[in-house]
Amino acid sequence: MSTTQEQAQSLADKDFIRYSRQIFLPEVGEAGQLQLKHAHVLIVGLGGLGQLAAQYLACAGVGRLTLVDGDRVELSNLPRQLLFSDDDIGHHKALIAKQKLAVLAQGCEIDAVAEHLTLESANDVFARLLAHDEETRLVLDCTDNLAARHCINQLCIEHALPLVSASIAAFNGQLFAVDQQRFPTGGCYHCIFPSNTRAPQNCSSQGVLGPSVGVMASMQALLVMQLLLLATPPTSATEQTGNQSFEETSQPIASTRALLGRFWRFDAKSLQWHSAALTRDPECEVCGLKPSALMQSTTAVSFKSVPNRGLL
């Protein structure tokens, strides 16, 4: 084995010290930390959820982040979007986040896209995500409106990518992860909320407490890290065509069955969590039995020009 190959399979001394509290966990170890280093996470939405999840993932050692948000920082964002300050008001969230995260986590490569994600603009964004075959890839939905969420869900189904989604409005939070490759019976976002679902209110109209948003963002980042730690590296013998597979490790941090295909609800008033199993809808027009109709469905048409506005 060459020196370069050996270095790629071990952490530098400085990184070992930096991430030592994670590495000390037998469920992580040096191998797990390297898994995080070779991961690429796309975060759509840099509001209360996205900006905090990005901080956790970058500082935990995730090797590459792509940040997508067309919004600019507003005064009303500051009580719960703690990555931003008064000096950032009027500037693009994605660009400011990239600048600040580069200081917090110098080992993380960060790409910023200061525009809203739509089906029309997604080709370039997902091309960046899929550009490096050696990386484990995952998508975070941190938006706060149904149109954006359906758009992201459809793109993840098309590109066979795992999706972790979270949201909160008032005192009601929700969290789930779906992956059609590893756990197809868990369905997708469209199975839970069909395209004709009446759009619920978001925090812009209902309000929200900053710590409640922080709880959901932290849980979202934790779920992402667990899924990345369970991922079989694409360079291994179990490499899948163009995508990673999720396999149990020798000391699993959790079971993929416990993480995928589950829907968690958080009641911020009572501080209680409730969960339920997700079931795939065989008639789902996104992940159901007729995938050839995906792009021709009314669902696809309705998202073509809808930005991810209304972020937490």
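The residues of the chain are indexed from 1 along the displayed sequence.
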Decide yes or no for [X] and [Y]: does some side-chain heavy atom of the first lie under 4.5 Å from some side-chain heavy atom of the second?
X      : Y      : value
Ser121 : Val125 : no
Leu42  : Val68  : yes
Val224 : Leu140 : yes

Treat each ILVMFWY residue as a node, draw an edge where side-chain heavy atoms are under 4.5 Å apart, and state whether [X] and [Y] are in one component.
X      : Y      : value
Leu223 : Leu52  : no
Val44  : Phe193 : yes
Leu101 : Tyr56  : no
Leu271 : Leu175 : yes

Nearest 0.5 Å please: distance from the [atom1] atom of [X] over to the [atom2] atom of [Y].
X      : Y      : atom1 : atom2 : result
Leu161 : Leu155 : CG    : CG    : 9.0 Å
Glu135 : Leu130 : CD    : CG    : 10.0 Å
Arg128 : Asn123 : CZ    : CG    : 12.0 Å
Lys14  : Ile17  : NZ    : CD1   : 9.5 Å
Leu57  : Gln220 : CG    : CD    : 8.5 Å
Cys191 : Asp281 : SG    : CG    : 5.0 Å

If only side-chain N and O atoms count, and only distance matters, is there a donor-acceptor pair under 3.5 Å linking [Y] with [X]?
X      : Y      : value
Thr136 : His38  : no
His92  : Arg72  : yes
Thr185 : Arg280 : no
Ser85  : Asp87  : no
Ser165 : Arg149 : yes

Inset, instruction - Check the pair Lys100 / Asp88 against salt bridge (charged side-chain N to carboxylate O under 4.0 Å, His left out), numbers first and verdict last. - result: CA-CA 11 Å; Lys100 294 189 176 183; Asp88 301 323; 2.5 Å; yes
Inset, instruction - Taking the six-membered ring for Trp and the single ring otherwise, decide whether the centroids of Phe266 and Phe171 are under 6.0 Å apart. - result: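 Phe266 vs Phe171: aromatic centres not under 6.0 Å.
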Within the side chain of [X], is there an N or O that forms a donor-acceptor pair under 3.5 Å with the backbone of [Y]?
X      : Y      : result
Gln22  : Gly29  : no
Gln154 : Val286 : no
Asp69  : Leu46  : yes
Gln51  : Leu83  : yes
Gln55  : Leu82  : no
Arg80  : Ser76  : yes

Inset, instruction - Please indicate whether Asn196 has more than 12 foreign heavy atoms, meaning atoms of other residues, nucleotides or ligands, lying under 6.0 Å from its CG. - result: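 Atom CG in Asn196 is packed in, count exceeds 12.
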Inset, instruction - Please state whether the rings of Tyr189 and Phe176 are parallel, tilted or perpendicular, taking 30° and 60° as the class boundaries. - result: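 If you compare the ring of Tyr189 with that of Phe176, the planes turn out parallel.
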Inset, instruction - Specify whether His159 and Phe126 have parallel, tilted or perpendicular ring planes, treating 30° as the upper limit for parallel and 60° as the lower limit for perpendicular. - result: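 It falls in the parallel class, under 30°.
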